[in-house]
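Counting begins at 1 with the first residue of the sequence.
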Amino acid sequence: MFRNLLLIVVALLTVSPAFAQAPSAVDREIIKLEHDWSTAWQKKDAAFLQKLFADEYLFTDPEGVTFSKTQDIANTTAATTKVESFLFSDLKVHVYGDTAVVTGLNTIKATVVGKASNGAYRFTDVFVKRDGRWQVVTSQSTLVVPKKK
């Protein structure tokens with residue numbers, strides 16, 4: 001009996017990866033945009049951000065403060081904003097027609113407008129496809145606070 005159960009478990013573990021879905025073309029496109037966005041942020045590429053952000057774009061920072069497209073680009077390109085490291089993990093894309101929601105973890109070491117912003121941040125970005133291209137309409141970031149032992 002135990003041997004049969006073991007064989008079933010091994011068979012399921014072997015077959016399961018075959019059923020795992022590979023990222024779709026849209027998922028890959030959105031993930032590439034996330035990476036391009038991070039590169040633009042690090043390089044202070046206002047022209048890229050101007051195209052990526054929809055006119056109604058709104059960013060909500062970890063303290064609950066909101067920034068418009070113009071304000072967020074100004075903060076990104078400020079002389080007092082410096083990025084030392086930027087690492088994505090746990091990216092998940094959910095597509096609903098012409099809308100895509102991305103969640104993930106962003107671990108950064110940076111100074112944003114003179115204020116240290118080091119740490120791991122959970123984020124949600126919402127993209128909408130307009131005129132054949134994806135634009136970000138909103139982004140929200142929450143600092144992950146380490147659990148106390």
Compare every heavy atom of [Y] with every heavy atom of [X], then report the nearest pair and how far apart it is.
X      : Y      : answer
Ala54  : Val137 : CB-CG1, 3.8 Å
Asn118 : Ala110 : OD1-N, 2.9 Å
Val95  : Gly97  : CG1-O, 3.6 Å
Arg28  : Pro23  : NH1-O, 2.6 Å
Phe127 : Glu34  : CE1-OE2, 3.3 Å
Ser38  : His35  : OG-O, 2.7 Å

Connected via hydrophobic side-chain network under 4.5 Å: [X] and [Y]:
X      : Y      : result
Val113 : Val83  : yes
Leu91  : Tyr96  : no
Val26  : Ile31  : yes
Val102 : Val126 : no

Using side-chain contact (heavy atoms from CB on, under 4.5 Å), reason through Phe86 and Asn106 one step at a time and then give a plain yes or no. CA-CA 7 Å; Phe86 197 104; Asn106 180 3; 3.3 Å; yes
Taking NZ, NE, NH1 and NH2 as the nitrogens, is one of them in Lys92 or Asp90 under 4.0 Å from a carboxylate oxygen of the other? yes
If the threshold is 4.0 Å, N to carboxylate O, is there a salt bridge linking Arg133 and Glu29? no
Report the distance from atom [atom1] of [X] to atom [atom2] of [Y], rounding to the nearest 0.5 Å.
X      : Y      : atom1 : atom2 : value
Ile30  : Trp37  : CD1   : CH2   : 10.5 Å
Ile73  : Phe53  : CD1   : CZ    : 5.5 Å
His94  : Thr99  : NE2   : OG1   : 13.5 Å
Ser141 : Ile108 : OG    : CD1   : 7.0 Å
Gln135 : Leu33  : CD    : CG    : 10.5 Å
Lys51  : Asp45  : NZ    : CG    : 9.0 Å

For a quick check under 3.5 Å, do [X] and [Y] share a side-chain donor-acceptor pair by atom type?
X      : Y      : value
Gln50  : Lys69  : yes
Gln140 : Thr138 : no
Gln42  : Thr39  : no

Are the side chain of Thr81 and the backbone of Thr77 linked by a donor-acceptor contact shorter than 3.5 Å? no
Please check if the side chain of Ser68 supplies one atom and the backbone of Gln71 the other of a donor-acceptor pair under 3.5 Å. yes
Could you walk me through whether Val93 and Val101 pass the side-chain contact (heavy atoms from CB on, under 4.5 Å) test, one step at a time? CA-CA 6 Å; Val93 179; Val101 178; over 6 Å; no
Can you confirm whether [X] sits close enough to [Y] that some side-chain heavy atom of one is under 4.5 Å from a side-chain heavy atom of the other?
X      : Y      : value
Thr76  : Leu49  : yes
Asp61  : Phe67  : yes
Tyr121 : Thr107 : no
Val65  : Thr60  : no
Thr142 : Pro62  : no

From the options Val128, Leu58, Leu52, select the one residue that forms a side-chain contact (heavy atoms from CB on, under 4.5 Å) with Val136. Leu52
Quick one: list whatever passes side-chain hydrogen bond (donor to acceptor under 3.5 Å, both in side chains) with Lys147, sequence neighbours left out. none
Between Phe59 and Phe123, is a ring-ring contact (aromatic ring centres under 6.0 Å, His included) present by the stated rule, with each step listed? CA-CA 11 Å; Phe59 171 62; Phe123 69 89; over 10 Å; no
Check the pair Val112, Trp41 against side-chain contact (heavy atoms from CB on, under 4.5 Å), reporting the backbone distance first and the verdict last. CA-CA 11 Å; Val112 180; Trp41 192 61; 3.8 Å; yes
Sequence neighbours excluded, the answer for salt bridge (charged side-chain N to carboxylate O under 4.0 Å, His left out) partners of Lys44 is none
